[in-house]
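In what follows, a structure is listed as structure tokens, so that the remarks can point back to it.
Being a predicted model, the structure only gives us computed values, none of them experimental. Protein chains get the first letters and strands the later ones, always in sequence-line order, with residue 1 at the start of each.
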Amino acid sequence: MKRFCTAALFFVLLIAAWHWAYQARIWSPVLVPSPESVVRYLWEISLDGSLWSSTVVTMKRLLAGYVIGLLAGLPLGFLTARVQALRDTVGVLALGLQGLPSVCWVPLALLWFGQTEGAMLFVVVMGTLWSVILATETGVRNVNPIYVRAARTMGSEGVHTWVTVMLPASLPFIVSGMKQGWAFAWRSLMAAEIYVTILTGFGLGHLLHYGRELNAMEQVVGIMLVIVLIGLLADKILFSPWEKFLHRRWGTEK
Amino acid sequence: MTLATELSAPPGARLAIDKVSKWFETSRGRVHALDDISLQVSEREFVCLVGPSGCGKSTLLNMIAGLEMPDQGSVVTAGQPVKGPSRERMMMFQESALFPWLDAFGNVMFSLKRKPGLSEPERREVAEYYLRLVGLEKFMHANIHELSGGMKQRVALARALAPNPRVLLMDEPFAALDALTREQLYGDLQRIWAQRHVTIVFVTHNVREAVSLGDRVVLFSPHPGRIREEFRIDLPRPRDINSVEVAGYATRITRALKDRMEHGAGI
Ligand SMILES: Nc1ncnc2c1ncn2[C@@H]1O[C@H](COP(=O)(O)OP(=O)(O)O)[C@@H](O)[C@H]1O
Ligand SMILES: [Mg+2]
């Protein structure tokens, strides 16, 4: 409760300072909109449904690509950890491509897929995949071999060992890889949506882009706020439960 | 298979190790880990293997467990040649090897999950029974990192006993514990053994530990690993590690151990 009050106080003060800066006309009102106008804008787009629909478009793209990246990355990571030949090939490729800022996939995706959903999906998958592969590989290679020996004496082998021992044992690495993959995917998707208009669906990036075209600062700031909130929510919903589980079971420092 | 048979003492198993040799290929060349080892362990016997590190004690235990195969010779338990791991022969390691992603109960359940012929409620009942047997009924749902070293080894013992093995293999299970905790565990292990009467092969490099636990102490020497001498320990149970009798045996065995080492170094 005390922590909540501190946080609430901080944000109230932040908004108050913003309001004051607007009132004092330190900057042009075209460049710094009032908090009220931002709230009004957000209210309007939630009433006419466009906030909801573009959030859905963006989240659909993000989740679809992310799930594909995970489903491909986990087994690939397991395999690269196990097969030396794959480590020397796919492993090196993953290391190189993970270092590539994921925004850099946007031009390539556009040339390959045109202005389609395929391009969006591709960008998100590329953002996710390499981080997940690398984290899974590291995780599996760090599993204490004694776990596998113990499991074998208890009648576990093959796929059962992979699913019930290797996977949970490498979870601390995998979860941090999933988090990184999510962050990369989210950033590159926003970049893609801002750069290119895709007629099959207007996402949040698209709204941000039009805010700039129309010189509507309250729209730009409002959408930025929404994007920040989605990031925070995703962290709470997608990753917090995993991290709590890891803290509780492994007893790692908060 | 019924719950009653699961919870009662298992049928005994003889263990016959016949002329076993084992080599390892390492970066430093071929290591002769075990040389012509023959050892008979009778039903419900408690045998301790003692020797300096590197004399192949863990390797021998792994071969009985079926985790490794001998290059020569054979390992036979209860009349069956060992071809791979089995729940008939369970192993306890120096590091508890408990799974941190499961709680204490989950760890014990793991060794029952793949055991056929039991329903889920029966498995739970068996797991609870063994956690109670090692005195951890209050810590069933504790996370592994919250347990002390001694408690971890108790969970590991419960996990190893849960599938009702006929042979229990213990590889320096108490080596990492403090003396006080260790002594408690000696008492508990002897109590549980008296109750369950499984065949136990116990590896240690602590001679007093071996004397206070074993019916027989088998002395190993390294390079290559060989059996040097055997000592039958004719002391009534339960034994106290601090008793004069235990100290007497331990002195004799330690002297033999030192002789061997000196001879070994002289060659
Ligand atoms: N998997 C392995 N690969 C290579 N060498 C091994 C392996 N396991 C054991 N050794 C070697 O075999 C010898 C016996 O080892 P070990 O059985 O662990 O001895 P102990 O348990 O008595 O200390 C040692 O020299 C050790 O280095
Ligand atoms: Mg050893």
Heavy-atom proximity to chain A below 4.5 Å, by part of B/Leu98: backbone
Approximate separation, where rounding is to 0.5 Å, of A/Arg249 CZ and B/Ile144 CD1: 8.0 Å
Contact listing (chain B partner; residues 125-159 of chain A; heavy atom under 4.5 Å): A/Asn144, A/Ile146, A/Tyr147, A/Arg149, A/Ala150, A/Ala151, A/Arg152, A/Thr153, A/Met154, A/Gly155, A/Ser156, A/Glu157
Region of B/Gln94 that comes under 4.5 Å of a non-hydrogen atom in chain A: neither
Part of B/Leu112 lying under 4.5 Å from any heavy atom of chain A: neither
Contact listing (chain B partner; residues 57-83 of chain A; heavy atom under 4.5 Å): none
Spacing of CZ belonging to A/Phe245 relative to CH2 belonging to B/Trp101, to within rounding of 0.5 Å: 9.5 Å
Short side-chain to backbone donor-acceptor contact, B/His145 and A/Thr252, under 3.5 Å: no
Choice from B/Ala142, B/Gly84, B/Pro100, B/Pro165 maximising heavy atom contacts with chain A below 4.5 Å: B/Pro100
Toward chain A, the part of B/Glu88 with a non-hydrogen atom under 4.5 Å: neither
Chain A contact via B/Asn62 - which portion, at a heavy-atom distance below 4.5 Å: side chain
Residue among A/Leu171, A/Leu246, A/Val165 with most heavy-atom pairs under 4.5 Å to chain B: A/Val165
